[in-house]
Amino acid sequence: MLKTIARLKYPTWPTITVARSFFNEQHPRVLITGGCGQLGIPLAKQLWQRYGVDHVILSDIVRPTDEIYQEGTYRYADVLNFSQIQELLVNERIDWIIHFSALLSMRGAFGLESPRSPAPDICVQRPRTIYGVSKVHNELLGEYFYHKYNLDFRCLRFPAVISGDAKQEGGTTSYAIKMFHDALTSGNTTCYLRSDTRLPMMWIDDCIQSIIDIMEAPTSKLKQRTYNVAAMSFTPNELANTIRKYKSSFTVSYTIDHRQQIADSWPEALDDRNAREHWGWNPKVDLDELVRRMFEYLKAKHQAL
Ligand SMILES: NC(=O)c1ccc[n+]([C@@H]2O[C@H](COP(=O)([O-])OP(=O)(O)OC[C@H]3O[C@@H](n4cnc5c(N)ncnc54)[C@H](O)[C@@H]3O)[C@@H](O)[C@H]2O)c1
């Protein structure tokens, strides 16, 4: 069954997708594609602890760090190369594939016509970026393979994921990461979104937990195959105010750029009631706790520099 989903046209998959051939309660054999990014490395670390280093293969097309190379199991795997993926699945007897591989552009499986506050699991999705179009394409393709061939396809839609290692530049939500670094260094920042732009966000640990939860959820609990997961939504102004609890002199100036238009087309919040009801999704980290954790992590990082 796994072969049927491996013919990829784009190196992107719905937010994340999980395909399971069977569930060996104790030791599923897992392949993570595109695993050397923001989400793949922390997920692999968790799964290495949970299922064993030999059972979880982190793959990507980039050179792994020394830490990954020495402490984990790494393989080169280009998701555009069908026979290479097929060989890995067969030789390593893979049970679960977690597809992370992506070329991140402007994010989002939703579009201007989607409800924004909040966006439900099932609604009109007309994204206008190749990233968004390929996400929706693969959500539908995965669900087709589930209905037609009983492939155990599971897909999560995430908000922007915040972590200490996330990039400060480039994205529409990277202003949030930059605010923390600037608060710890210069004490002031320039934000390219309006102060009242509300967007959904999630702390990395909750994101990783949601993946483990849906992978391990008994099939009987799942009433659909694609789920929104959410944790919090905040504006630049609300984030800055929370940061001021740790750095009272922190200042923000606003110089709006093209990313405002992109943010205005995104949902302000994701409706994740189905994930909560069906398989017990329960995020732990709110805005106050996210800020506390970022400060703790980044303070240590900045001191070490
Ligand atoms: N990080 C977030 O805030 C966030 C939010 C929503 C959805 N997502 C989705 O979660 C997934 C993981 O996100 P991330 O932040 O870790 O992304 P990332 O950009 O940090 O990592 C993506 C990885 O994919 C790899 N890749 C690119 N082309 C490939 C190919 N042909 N074959 C194999 N690997 C290839 C890249 O080398 C990179 O390491 C992506 O699908 C992304 O769209 C992430």
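Computed from heavy atoms alone, side chains included, the values below leave out hydrogens, waters and symmetry copies. Atoms within each ligand, like the ligands themselves, are counted from 1 in listed order.
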(request) Would you please say whether a donor-acceptor pair under 3.5 Å links the side chains of Asp182 and Thr189? (result) yes

(message) Taking the side chain as everything from C-beta on, heavy atoms only, tell me whether Ile94 gets closer than 4.5 Å to Ile57.
(response) yes

(request) List every atom of ligand 1 that sits less than 4.0 Å from any heavy atom of Lys135, numbering the atoms from 1 in the order shown and giving each element. (result) 40 (C), 41 (O), 42 (C), 43 (O)

(request) Check each atom of ligand 1 against the heavy atoms of Pro159 and keep those under 4.0 Å away; list them by number with element. (result) 5 (C), 6 (C)

(message) Is there a polar contact, in the sense of an N or O pair closer than 3.5 Å, between His99 and ligand 1?
(response) no

(request) Identify, by atom number and element, the atoms of ligand 1 in contact range of Ala77, meaning under 4.0 Å from any of its heavy atoms. (result) 32 (N), 33 (C)

(request) Nearest heavy atom to atom 13 (O) of ligand 1 wins, so pick from Ile32, Ile98, Leu39. (result) Leu39

(request) Under 4.0 Å, heavy atoms only, figure out whether ligand 1 is touched by the backbone of Ala160, its side chain, both or neither. (result) backbone

(message) If I apply the N/O under 3.5 Å rule, does Asp60 come out as touching ligand 1?
(response) yes

(message) Quick test of your reading of the model: are Asp264 and Arg194 salt-bridged, counting only N-O distances below 4.0 Å?
(response) yes

(request) Please confirm whether Val161 comes within less than 3.5 Å of ligand 1 when only nitrogen or oxygen atoms on both sides are compared. (result) yes

(request) Verify whether the ring centers belonging to Tyr192 and His258 lie closer than 6.0 Å. (result) no

(message) Tell me whether ligand 1 is touched by Thr33 - counting only heavy atoms on the residue side and a distance under 4.0 Å.
(response) no

(request) Out of Gly34, Gly37, Ala102, Cys36, indicate the one that has the non-hydrogen atom closest to atom 27 (C) of ligand 1. (result) Ala102

(message) Using modelled atom types and a 3.5 Å cut-off, is there a donor and acceptor pairing between side-chain atoms of Ser248 and backbone atoms of Arg244?
(response) no

(request) Determine whether the side chain, the backbone, both or neither of Ser59 has a heavy atom under 4.0 Å from any heavy atom of ligand 1. (result) neither

(request) Return yes when atom NZ of Lys301 has more than 12 non-hydrogen atoms of other residues, nucleotides or ligands closer than 6.0 Å, and no otherwise. (result) yes

(request) Using side chain to side chain donor-acceptor pair (under 3.5 Å) as the criterion, point out the one residue from Arg157, Gln224, Arg273 that pairs with Asp121. (result) Gln224

(request) Considering the heavy atoms of Val62, write down every atom of ligand 1 situated less than 4.0 Å from one of them. (result) 37 (O)

(request) Assign the ring pair Phe295 / Tyr246 to parallel, tilted or perpendicular, where the plane angle (0 to 90°) is split at 30° and 60°. (result) parallel

(message) Under a 3.5 Å cutoff, is there a donor and acceptor pairing between the side chains of Thr255 and Asp257?
(response) no

(message) Does ligand 1 come near enough to Phe158 that some N or O of the ligand is less than 3.5 Å from an N or O of the residue?
(response) no

(message) Taking distance alone, with N or O pairs closer than 3.5 Å, would you say Phe100 contacts ligand 1?
(response) yes

(request) Run the numbers for me: atoms of ligand 1, each under 4.0 Å from some heavy atom of Asp78, listed by number. (result) 30 (C), 31 (N), 32 (N)

(message) Measuring from non-hydrogen atoms of Ala166 to any atom of ligand 1, is the shortest distance under 4.0 Å?
(response) no

(message) In this structure, is the centre-to-centre distance between the rings of Tyr227 and Trp281 below 6.0 Å?
(response) no

